Amino acid sequence: MISAEEITDAVAGLCMEANSKLPEDVMEALKKSLDVEESELGKSILQEIIENDNIAYCEGVPMCQDTGMATVFVELGQDATIVGGSLTDAINRGVSKGYREGYLRKSVDRKPLFERVNTGDNTPAIIHVDVVPGDKLRIVVAPKGAGSENMCALRMLKPADGVDGVKRFILDTVRNAGGNPCPPIIVGVGIGGNFEKVALMAKKALLRSIGSRNSDSRYAALEEELLKMINDTGIGPQGLGGRVTALDVHIEYMPTHIASLPVACAIQCHAARHGEVILG
């Protein structure tokens, strides 16, 4: 059995940890990018990003002033039992606790168009639940700021658009974003499914480790090709020119309707924050 209180405490801890500590693979990718970047200004920016992230980790403070909207991915074992409250309430209490006790900026407005009053505790979280075999509960908290979130895009292509249509859409999205999402970015791509599913796939693709490749060699090759094409745009660190525009491109796919080719492009800034815990 897993108590709701345990979930709340775990989510609170993840909110605070994720905002101050980058995953090791992201930090390593930033350090390696110094060897690739040709622009002196670009190198200087990358060094400042790395120094900033080290200070955030050592002092336990946020690495960015935008501590994001809390996106929570849950894998719920079908044999797990949660006691003492609902899963959704427990997660939202955890986000509220983590953002209050961690002195993290609260960035959620109550209504998107009118009465944009802050909810005061960064809830509600965006929660996605997948039911999986087993009796464990895996929780991934991924705070994401608006600078990169606003640059994400989705397009319902036709099957005839094919691979070239997908590449054009991804490159157009990255070029239009320019320096707004604080490059170097990580690009998550979803292909297939339908309108709502393709966006979720693209967002989940951001959680994969830097350097990992799709198990299908054709998609893996497309990841490599898109990464090169994006870095050849010359947008560079913070959009001020250079070779390192993206640290990686990850593609996820699933079956789709015979008349559709949905594609989503999720753009993540260099502060690719996320943390996870397994309970039970």
Side-chain angles (χ1 to χ4, degrees), residues 11-27 29-31 33 41-73 91-92 94-112 116-126 140-152 174 176-188 203 206-207 210 235-242 244-247 266-276:
V11 170
L14 288 174
C15 288
M16 291 185 275
E17 180 182 315
N19 270 294
S20 61
K21 180 185 178 184
L22 270 184
E24 289 184 9
D25 62 297
V26 182
M27 276 297 285
L30 286 167
K31 291 174 183 174
S33 67
L41 179 56
K43 281 182 182 290
S44 173
I45 291 169
L46 290 169
Q47 286 168 339
E48 289 186 9
I49 289 173
I50 293 168
E51 182 182 1
N52 176 76
D53 292 339
N54 281 330
I55 291 172
Y57 174 60
C58 292
E59 299 189 9
V61 297
M63 64 191 73
C64 178
Q65 53 82 27
D66 187 347
T67 52
M69 199 166 184
T71 307
V72 182
F73 299 95
I91 290 173
N92 277 320
V95 170
S96 175
K97 182 180 180 181
Y99 274 73
R100 284 186 290 104
E101 295 183 0
Y103 300 101
L104 305 174
R105 195 185 84 179
K106 289 78 176 175
S107 304
V108 178
D109 275 340
R110 194 170 302 283
K111 296 181 179 179
R116 288 181 67 96
V117 178
N118 199 299
T119 62
D121 61 359
N122 226 47
T123 66
I126 306 296
V140 177
V141 174
K144 193 166 186 300
S148 61
E149 188 74 354
N150 288 349
M151 298 296 107
C152 300
V174 171
N176 290 336
N180 289 311
C182 295
I185 57 177
I186 298 168
V187 179
K203 187 64 75 71
L206 297 175
L207 302 178
I210 303 290
I235 294 170
Q238 295 293 348
L240 297 175
V244 184
T245 301
L247 298 177
I267 294 182
Q268 170 66 59
C269 70
H270 61 79
R273 300 160 285 187
H274 53 270
E276 72 170 81

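Keep in mind that what you see is a predicted model, and the values were worked out from it rather than measured.
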**Q** I need the minimum non-hydrogen distance between G60 and S20, along with the two atoms involved.
**A**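 The pair with the smallest heavy-atom distance is C-CB, 4.0 Å.
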**Q** Under a 3.5 Å cutoff, is there a donor and acceptor pairing between the side chains of R273 and N19?
**A**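 Yes - a donor-acceptor pair under 3.5 Å links their side chains.
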**Q** Less than 4.5 Å apart, side chain to side chain, heavy atoms only: is that true for K21 and D53?
**A** no
**Q** With a 4.5 Å cut-off on side-chain heavy atoms, are L207 and E276 touching?
**A**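 Sidechains of L207 and E276: no contact.
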**Q** Output the distance between atom NE2 (H270) and atom CE (M63), rounded to the nearest 0.5 Å.
**A** 9.5 Å
**Q** Partners of R105 by side-chain contact (heavy atoms from CB on, under 4.5 Å), sequence neighbours excluded?
**A** Q65, D66, T67, S107
**Q** Might you point out which heavy atoms bring L104 and C15 nearest each other, and give the distance in Å?
**A** CD1-O, 3.7 Å
**Q** Just jot down the side-chain contact (heavy atoms from CB on, under 4.5 Å) partners of N150, sequence neighbours excluded, or say none.
**A**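 Listed in chain order: A146.
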**Q** For P237 versus L46, what's the shortest heavy-atom pair and its separation?
**A** CG-CG, 4.0 Å
**Q** With sequence neighbours left out, what residues match T123 under side chain to side chain donor-acceptor pair (under 3.5 Å)?
**A** D121
**Q** For G275 versus A18, what's the shortest heavy-atom pair and its separation?
**A** N-CB, 4.1 Å
**Q** Are T119 and D109 side-chain neighbours, meaning at least one heavy-atom pair lies under 4.5 Å?
**A** no
**Q** Search all heavy atoms of G120 against all heavy atoms of K106 and return the closest pair with its distance.
**A** O-CG, 3.5 Å
**Q** Say you draw a straight line from CZ of F73 to CG of L206; how long is it, rounded to the nearest 0.5 Å?
**A** 8.0 Å
**Q** Mind checking what makes side chain to side chain donor-acceptor pair (under 3.5 Å) contact with K144, not counting sequence neighbours?
**A** S148, E149
**Q** Got a second to check how far I91's CD1 is from S96's OG, nearest 0.5 Å?
**A** 13.5 Å
**Q** For the atom pair NZ (K31) and CD (Q47), what is the distance rounded to the nearest 0.5 Å?
**A** 12.5 Å
**Q** Name all residues meeting the side-chain contact (heavy atoms from CB on, under 4.5 Å) criterion together with N180; count only those two or more places apart in sequence or in a different chain, and write none if there are none.
**A** M151
**Q** If I compare all heavy atoms of I267 with all of A177, which pair ends up nearest, and what's the gap?
**A**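 Minimum heavy-atom contact is CD1-CB, 4.0 Å.
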**Q** For A246, give me all partners under side-chain contact (heavy atoms from CB on, under 4.5 Å), at least two apart in sequence or on another chain.
**A**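 In terms of side-chain contact (heavy atoms from CB on, under 4.5 Å), with neighbours along the sequence ignored, A246 is linked to I185, L227, I230, N231.
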